Each structure stands twice: as C-alpha cells, then as structure tokens.
Protein chains: 4
Amino acid sequence: MPSIDLNADCGESFGAWRMGDDATLMPLLSSVNLACGGHAGDPATLRASIRLAQQSGLAIGAHPSYPDLLGFGRRPMTMPTAELLAHVFAQIGGLAALCTVEGVRLSHVKAHGALYHTLSSDVALADAFVQALARFDAGLAIIGPPFGALAESASRHGLHYLREGFVERGYNEYGHLIARGQAGAELHNVEEICAQALALARGDQLSCAGVKLRLRVDTLCLHGDRENAVGIARAVRAALLQAGIEIMRP
Amino acid sequence: MPSIDLNADCGESFGAWRMGDDATLMPLLSSVNLACGGHAGDPATLRASIRLAQQSGLAIGAHPSYPDLLGFGRRPMTMPTAELLAHVFAQIGGLAALCTVEGVRLSHVKAHGALYHTLSSDVALADAFVQALARFDAGLAIIGPPFGALAESASRHGLHYLREGFVERGYNEYGHLIARGQAGAELHNVEEICAQALALARGDQLSCAGVKLRLRVDTLCLHGDRENAVGIARAVRAALLQAGIEIMRP
Amino acid sequence: MPSIDLNADCGESFGAWRMGDDATLMPLLSSVNLACGGHAGDPATLRASIRLAQQSGLAIGAHPSYPDLLGFGRRPMTMPTAELLAHVFAQIGGLAALCTVEGVRLSHVKAHGALYHTLSSDVALADAFVQALARFDAGLAIIGPPFGALAESASRHGLHYLREGFVERGYNEYGHLIARGQAGAELHNVEEICAQALALARGDQLSCAGVKLRLRVDTLCLHGDRENAVGIARAVRAALLQAGIEIMRP
Amino acid sequence: MPSIDLNADCGESFGAWRMGDDATLMPLLSSVNLACGGHAGDPATLRASIRLAQQSGLAIGAHPSYPDLLGFGRRPMTMPTAELLAHVFAQIGGLAALCTVEGVRLSHVKAHGALYHTLSSDVALADAFVQALARFDAGLAIIGPPFGALAESASRHGLHYLREGFVERGYNEYGHLIARGQAGAELHNVEEICAQALALARGDQLSCAGVKLRLRVDTLCLHGDRENAVGIARAVRAALLQAGIEIMRP
C-alpha cells in the first residue's frame with residue numbers, strides 16, 4: 001500500500017500569543033515541525049508542543065529559522081555562514097534537549113521561512129548546514145524542496161532527505177513555489193487542494209502555472225496557521241485515505 | 001598529589017558587546033562555564049567560546065540562567081517550575097548542540113546568578129531540575145554551593161556534584177556567600193584572595209564573617225568580568241601550584 | 001445627561017501574532033489604551049492602532065508595562081524605581097512620537113498588568129511616576145483604580161485622574177479586583193456584566209464578594225482579548241445608552 | 001572666530017554590557033548622539049547618558065537604528081518604509097520623553113550604522129523620513145553626510161541639516177566613506193586624524209583615495225568605542241583650538 005507523510009509547522013505560539021490550533025491539528029498529521037525560538041516558539045510552548053506531538057505519535061522535527069521573532073523568520077538576513085549556523089544549531093539543540101527530557105527523539109529538521117528558501121538556492125550554505133547536521137546527528141532526516149541545493153547537498157553527504165510538497169501553495173513553471181503575495185501563491189479551494197495533495201502523493205502530473213510537471217515528494221505540508229486549517233487537513237487526509245494512500249511518518 | 005578544579009564563567013559577551021577577556025583567561029583554567037543565551041552569550045559568541053575552551057583542553061559546562069538578558073540573570077523571576085525548566089534545558093541543549101557540532105562533549109552544568117541562588121534554597125525546584133537533568137544526560141556533573149538544596153538533591157538522585165568555592169567572594173557565618181552590594185561581598189586584595197583559594201582547596205579553616213568554618217570544595221571559581229581578572233587568575237594559579245595542589249578538570 | 005468613558009486595551013499584537021479584534025472593537029469605545037512595546041505592541045502595530053483609533057475619534061492613551069514581552073507584563077519585576085520609570089517613559093514617549101507623526105495627541109496613561117497593581121499599592125513608586133509624568137506632560141490624565149496609592153498621588157500632585165471600573169471582573173469585599181485565577185475573578189454572564197457596568201457608571205451599590213459597595217468611576221474598561229469581546233462591548237454599550245448614559249471620552 | 005561642532009555616538013551600553021567611556025568622552029564634545037534602543041541603549045542607560053550630557057552642556061541628539069540589537073544596527077534590514085519609520089520614531093520618541101522628564105530638549109537626529117547609509121542613498125526613504133520628522137518636530141536638526149539623498153531631502157523640506165565629517169574614517173574618490181573592513185576604512189595615526197579634522201573643519205582640500213576633494217562640514221564625528229577614543233578626542237580638540245577654531249554646539 002502506498003504511503004505518504006503528512007507534516008505541518010506547529011509550536012508557533014509565543015508567550016501570550018497563540019498561533020494555530022495545534023491540539024486539534026496534530027492528531028491529523030504523521031509528522032510535525034516545531035518552531036524552536038528563532039521565529040516563534042518560546043521554551044514553554046515547545047515543551048507543550050512536544051507533549052502534544054507525543055500523544056499523537058508524530059515524528060518530531062526541528063523548524064529552525066533566521067533569528068527574527070519580529071519578522072517571523074520571513075525576512076532573509078545577511079550574516080556570515082558560521083554565525084547563521086550557530087543560531088540554527090543552538091535552536092535545534094534547544095528543541096532536541098526538551099525532547100530528550102520528555103523521553104522522545106528528534107527525527108528530522110526542516111528550515112523555516114526565508115531560511116527554507118536560502119538553503120534551497122545557496123549551495124555553499126546548504127553544504128555547510130548539511131555537514132554540521134551530520135556532525136550533530138547523522139540520523140536526522142532533512143525536509144526540503146524536491147530539488148535544489150539542499151536536496152543535492154544531502155545526497156552528496158549521505159543524509160536522509162524527504163522531498164516536500166505543499167498542498168495549498170501554487171507552483172510556477174519551474175516547479176518552485178510561487179512567492180507569497182504574488183498571484184497564484186495560495187490555493188483556496190478545498191477540492192483543488194485535495195487534488196494537488198493526491199497528485200503530489202502519487203507523483204502524477206501537476207499543473208504548474210500552465211505547465212504539466214511531476215513533483216515526486218515524500219511528505220506533504222499543511223499550513224496550520226491559515227484559515228480553516230483543520231478543515232483542510234481533514235479533507236486532505238480523507239482524500240488520501242480514499243485513494244488508498246496510507247498516512248505514515250517517514 | 002592533591003588537586004582542584006579551577007573554573008570561570010565565560011562566553012558572556014553579546015553581539016557587539018564584550019565581557020571578560022576569555023582568550024587570555026581560559027588557558028589559566030581547567031573548566032569553563034559558558035553562558036547559553038539566558039543572561040548572555042549569543043550563538044556566535046558560544047561557538048567562539050567553545051573553540052577557545054577546546055584549545056585549552058577545558059571541561060566545558062553550560063551556565064543557564066533565568067531568561068533575562070537586560071538584567072544579566074541577576075534578578076530572580078517568578079515563573080512556574082515547568083516553564084523555568086523549559087528555558088533552562090533549551091539553553092543547555094543549545095550549547096550542547098554547538099559543542100557536538102564542534103566535536104566536544106558537555107561535561108557539567110552550573111546555574112547562573114539568581115538561578116544559582118534559587119536552586120540552592122528551593123528544594124522542589126532543585127529536585128525538578130536534577131531529575132530533568134538526569135533524563136537529559138545523567139553523565140553531566142552539577143556545580144553548585146558546598147551544601148544546600150541542590151547538593152542534597154544531586155546526592156539523592158545519584159548525580160555527580162562538584163562543590164564550588166569562590167576565591168574572591170566573602171562568606172557569612174553560615175557559609176553562604178555575602179550578597180553583592182553588601183559589605184564584605186567581594187575580596188579585593190590579591191594576597192587575601194590567594195589565601196582563601198588555598199583554604200578552600202585544602203579544606204582548611206576559613207574566616208567567615210568572624211567565624212571559622214571549613215568549606216570542602218571540589219572546584220574554585222574565578223570571576224572573569226572583574227577588574228584584574230587575569231592577574232588574579234595568575235596569582236591564584238601560582239599559589240595553588242606552589243602549595244603542591246594540581247589544577248585539574250574534574 | 002450623565003456620561004461615562006468606555007475604554008479597552010488595544011494594540012496588543014506583536015509581529016505576526018494577533019491579539020484582539022481592534023478594528024471591530026474600537027468603534028464601540030470612546031477611549032483606547034495602546035500597548036507601547038513593554039508587554040506587546042511593536043511599532044508597526046502601534047502605528048496601525050493609532051490610525052484605527054483616529055478613525056473612531058477615540059481618546060488615545062499609553063499603556064506602559066514592565067519590560068516583559070514573554071510574560072505579557074503580567075509578572076511583577078524587581079528593579080530600581082529609576083530604571084523602571086526609564087522603561088515606562090521610553091515606552092510612553094515612543095507611542096507619543098508615533099501619535100505626533102500621525103497628527104494626534106496622547107490624552108492619558110494607564111499602566112498595564114502587574115505594573116497597574118504595583119502602582120496602586122506602592123506609594124513611593126506612584127509618587128515618582130506621577131512626578132515624572134507631570135514633568136513629561138502635565139496635561140495627560142491617569143487612568144487607575146478608584147482608590148489607592150496612584151489615585152492619591154495624582155490628587156496630591158494635581159494631575160487629572162480617571163477612576164476605572166472593570167465591567168467583567170469581580171471585586172472583593174475591599175473593592176479590589178479579585179486576582180486572575182481565583183474564584184470570581186471573571187464575570188462570564190453578559191447580563192451580569194451589563195448590570196455591573198450600569199452600577200459602576202451610576203455609582204450604584206455593587207455586590208463585592210457579598211458586601212455592598214459603591215465604586216464611583218469615570219471610565220469603564222472592557223477586555224478586548226477575551227472570548228466574545230465584541231459581543232460584550234455591544235451589549236454594555238446598548239445597556240448604557242438605554243439607561244440614558246452617554247458614552248463619551250473624558 | 002570660526003567654529004565647528006564636535007559630536008560622538010554615546011549611550012551605547014546595554015544592560016550589564018559597557019561600550020565606550022562616556023563619562024570621560026562627553027566633556028570633550030559639544031554634541032552627542034544617544035542610542036535609543038534600536039542597536040543599543042536600554043532606558044536606564046539612556047537616562048544616565050542624558051544626565052551626563054546635561055552636565056557637559058551638550059546638544060543631545062537621537063541616534064535611531066534598524067531594530068537589531070544583536071547586529072548592533074550594522075546590518076541593513078528589508079522592511080516596508082512605514083514599518084521602518086515606525087521603529088525609528090518610536091526610538092526617537094522614547095529618548096525625547098526621557099529628555100523631557102530630565103528637563104532638556106532634543107536638538108537633532110542622526111541615523112546609526114546601516115540606516116545612516118541607507119538614508120543617504122535611498123531618496124524615497126529619505127523623503128519619507130524627513131517629512132515624518134517635520135511632523136514630529138520641525139525644529140530638530142538632521143546630522144548626515146555632506147551630500148546625498150538625505151541632505152537633499154532636508155533642503156527640499158526646509159529642515160536644518162548638519163553636514164558631518166568623520167575624523168578617523170577614510171574617504172574614497174567620490175567623497176563617500178570607505179566601507180568598514182576595506183583597506184583605508186580607518187585612520188589609526190593621531191597626527192593624520194588631527195590633520196583630517198582640520199581639513200574638514202576648514203573646508204580645505206582632503207586627500208580622498210588619492211584624489212583631492214573639499215568636504216564642507218558643520219560637525220565632526222569622533223568614535224567613542226574605538227581604542228584610545230579619549231586620547232584621540234583630546235588631540236583633535238587641541239588641534240582645532242590651536243588652529244583658532246572654536247568647538248561649539250550648532
């Protein structure tokens with residue numbers, strides 16, 4: 001029976017501010033990427049998120065970011081690679097420690113926001129990140145775009161790489177995500193979202209800005225902070241199961 | 001040959017702001033406690049500090065704090081134990097990850113500032129901290145005061161505990177540190193400091209606010225951020241060696 | 001025709017995190033207290049909040065706090081008075097400047113959270129605050145509890161003081177707010193809330209933990225971040241108008 | 001008798017971290033630009049800096065920055081103009097309020113670090129900043145480079161503009177500062193620094209990367225955080241006085 005991982009970014013509250021309905025969303029997933037203080041996620045939030053993820057038996061990943069709470073990690077920052085990686089591994093390590101204290105192991109890492117995009121296009125940074133990750137824990141998988149600098153670097157250094165597809169985001173004719181704020185960046189129709197989820201899960205042809213592409217992916221990402229996030233998660237889940245695709249952590 | 005550990009708190013710079021002359025001080029020590037973002041120590045500072053500590057072959061410890069950069073961790077904060085420990089272990093884990101990436105292992109944990117004092121007097125907090133530390137890594141030693149809640153809790157849960165003496169701080173008649181800002185809180189005379197270092201290292205009688213006490217300690221702390229910190233470190237080191245006491249990481 | 005001011009705390013979003021539905025709530029008020037960075041309210045949020053308040057013709061006040069984003073200003077902090085007041089006036093001044101740039105004047109100041117309570121009970125702090133406020137702008141009104149240190153200090157130094165009543169919070173037998181988390185701290189029933197609003201606006205007897213008290217107030221506070229905040233605001237407004245009480249900025 | 005203003009950036013400490021020796025430097029100046037929380041300068045530091053500046057009778061200016069404590073405001077940040085200006089005026093307003101409480105008026109504004117450079121080259125941003133400043137307080141002077149977008153914008157909108165020369169920084173053949181980190185960016189020799197100070201103060205020809213230029217300036221900037229800052233300040237001051245140039249706030 002074919003299977004696919006279903007992930008979402010959670011743990012994105014901060015202090016008194018809530019983001020997303022993690023307690024409702026998590027039981028619908030197989031993996032979760034937890035903010036680790038760079039763009040969101042204070043330690044108390046992280047601890048609560050780890051416990052929620054454990055209750056649902058999810059694979060727990062770290063979701064590090066440029067250090068930019070005010071910009072929610074969506075603004076690229078110019079800093080030396082060594083400094084950036086120090087931030088990234090301090091974040092990953094903080095989450096990993098909280099996991100260890102709770103008796104669960106980290107399973108993967110997925111960069112957040114602007115860092116997700118920089119790592120996909122900057123070969124030198126991707127290599128430095130992958131090599132540091134291998135030194136930190138070579139058993140961790142990396143989640144990232146289906147192709148690009150990070151996928152290649154992970155392959156070159158022998159780390160397990162999970163190609164990710166977004167069920168609610170539009171792709172351009174090169175198979176890249178259409179940037180937020182541009183036309184077609186987000187899918188709003190639930191049927192359309194479910195159809196994209198199925199095409200990504202099966203490796204079927206997908207209409208990307210008018211061009212038909214096949215994007216093979218290992219994991220599907222849902223956005224927990226969008227309107228009707230839970231409704232969409234339920235619909236995507238149902239569509240996958242009905243198509244005979246098991247939802248399974250990697 | 002008798003021996004003692006010589007530790008200092010380092011890595012306390014933040015961004016463009018320097019504190020202490022770590023590069024000169026570290027070669028004079030056997031252990032170092034590195035700030036991990038709670039009261040000081042941004043990730044780039046931590047990475048540089050780990051590399052310096054490695055060059056001198058020091059035992060590296062984490063120096064977690066209440067989350068209070070502006071107050072340098074010197075103000076006690078009221079927060080639930082679970083929230084406080086989440087901060088503490090996120091900090092420890094961040095430093096531990098940077099150590100792992102650099103190929104070195106964390107050897108101990110020593111709380112900073114107000115948290116050092118709270119852990120020595122709050123039995124419930126000390127127990128919760130020690131139990132969480134045992135889950136995180138039962139091989140880590142704890143540095144703390146020669147007696148009190150933390151020492152007892154470590155003993156109760158079987159963690160290795162290093163009793164710490166301060167060579168430049170005055171002790172009151174109960175063997176507690178005289179609080180900063182009070183008369184006698186700091187020793188300024190280098191001969192006096194060396195004499196206190198020797199008394200602590202040998203377990204000799206020490207004059208504590210007029211009373212003679214024996215404080216048995218396993219590690220001596222020097223303050224890296226005080227005036228003439230390097231001069232004092234050299235003098236203490238020379239005094240110990242001359243008295244036939246080896247300076248050795250625990 | 002009798003009148004009363006209706007205020008709420010707004011501008012409490014931070015970066016990507018939303019709190020409260022300011023755009024819907026503000027048209028129902030006559031005054032608004034805007035967070036100014038201490039517990040919430042980044043500068044872009046403040047600017048947007050000022051513009052919303054202008055559109056509704058509200059009196060705009062500053063809502064300074066202990067500097068504690070992570071704790072949302074609800075934790076008392078120990079710091080010297082001069083340091084605390086420096087934080088408070090840097091916050092007030094930041095908001096005042098944004099108001100000036102938008103062509104509107106600040107009309108009042110109301111402390112937030114833990115600082116609201118400290119100022120009501122610490123006479124020395126209340127005096128220092130009121131004197132500094134008089135130096136900053138003696139035309140600003142102060143919003144605070146109907147009695148206590150701040151009310152007395154404002155009276156002593158000749159500043160305009162607006163006694164505040166909370167329509168959704170329970171009062172104890174001394175006329176103090178019942179602390180959050182304790183039984184009776186919050187009123188949930190809309191009819192009960194409207195009845196309390198009327199009693200406070202008219203200076204009628206109010207049942208305070210079984211005792212009948214009269215709390216004379218000049219302004220009524222609604223909470224914008226609670227469930228059904230907008231529904232409650234509409235009901236309170238309707239009840240006041242129906243009772244012939246005009247809602248008017250002070 | 002010819003005169004020139006002598007300014008430096010002060011108030012750049014943060015919490016427990018010191019930067020510069022403001023108490024010694026300020027009496028040697030006629031103006032001071034105080035950090036206001038963007039890149040440095042917590043409120044308690046600001047209050048102390050204002051008091052020091054008052055004691056020396058200095059003109060006090062605000063020194064706003066991109067909101068980037070960790071990068072000390074030296075990294076350009078990408079954010080919408082309205083958001084950036086909200087940060088800048090919240091900072092200026094915070095300092096202005098602390099000045100008002102201390103009984104002194106702000107006299108000028110000088111952007112810090114990366115923002116200083118962006119404002120000199122981005123015409124739209126410079127215009128938006130100058131217009132907002134005019135709305136905030138049209139009596140404030142602006143300190144900036146001798147020519148470029150900011151100088152032109154200030155002239156266009158009728159604000160008082162003070163052209164600034166740096167006594168310790170090298171200039172390229174276009175009269176722009178050589179970027180930090182590049183060859184010739186900093187002058188180290190005290191005689192050379194004094195000669196440059198005199199040339200800038202008199203509008204004499206100055207050797208700029210081999211080309212002779214005349215840079216007419218109204219104020220000379222000294223750096224308070226460099227090595228031997230106080231020694232250089234004394235030498236520059238003596239050289240100016242000996243040449244018959246009075247040091248006078250604008």
Side-chain angles (χ1 to χ4, degrees), chain C residues 11 13-16 34-38 41-51 62 64-67 69 77 79-106 109 128-140, chain D residues 11 13-16 34-38 41-51 62 64-67 69 77 79-106 109 128-140:
Chain C
S13 293
F14 186 76
L34 298 183
C36 25
D42 61 281
T45 290
L46 294 192
R47 180 176 173 274
S49 299
I50 291 165
R51 293 186 161 203
S65 165
Y66 285 108
L69 273 178
M77 289 176 74
M79 51 170 76
T81 295
E83 184 179 347
L84 173 56
L85 292 184
H87 280 277
V88 165
F89 283 90
Q91 291 175 33
I92 297 173
L95 181 67
L98 295 178
C99 283
T100 303
V101 170
E102 298 300 325
V104 64
R105 273 184 64 78
L106 208 58
V109 174
F129 166 74
V130 169
Q131 289 174 293
L133 191 65
R135 286 196 298 275
F136 175 62
D137 182 350
L140 292 173
Chain D
S13 293
F14 186 75
L34 298 184
C36 25
D42 62 281
T45 290
L46 295 192
R47 181 176 172 273
S49 299
I50 291 165
R51 294 186 161 203
S65 165
Y66 286 108
L69 274 177
M77 289 176 75
M79 51 170 78
T81 295
E83 185 180 345
L84 173 55
L85 292 185
H87 280 277
V88 165
F89 283 90
Q91 291 175 33
I92 297 173
L95 181 67
L98 295 178
C99 284
T100 303
V101 171
E102 297 301 323
V104 63
R105 272 184 64 80
L106 209 58
V109 173
F129 166 73
V130 168
Q131 288 174 293
L133 192 65
R135 286 196 299 275
F136 176 62
D137 182 351
L140 292 174

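Just so you know, these numbers come straight off a predicted model, no measurement behind them. As a basis for the values below, the full set of heavy atoms in this structure was taken, side chains included, without hydrogen atoms, waters or symmetry mates. Just so it is clear: chains get the letters A, B, ... in the order the sequence lines come, proteins before strands, and each one is counted from 1.
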Which atom pair, heavy atoms only, marks the closest approach of D/A97 to C/F89? CB-O, 3.2 Å
Which atoms of C/A96 come close to chain D, meaning under 4.5 Å heavy atom to heavy atom: side chain ones, backbone ones, both, or neither? neither
With respect to chain C, which residue among D/H87, D/M79, D/Q91 yields the maximal number of heavy-atom pairs within a distance under 4.5 Å? D/H87
For each of D/L84, D/V101, D/L133, D/L98, tally heavy-atom pairs with chain C at distances under 4.5 Å, and name the one with the top tally. D/V101
By the side-chain hydrogen bond (donor to acceptor under 3.5 Å, both in side chains) test, which pairs, at least two apart or in different chains, include something from residues 92-105 of chain D? D/R51-D/E102, D/R105-D/D137
Name, in order of residue number, those residues of residues 42-50 of chain D that have a heavy atom at a distance of less than 4.5 Å from a heavy atom in chain C; otherwise write 'none'. D/P43, D/A44, D/R47
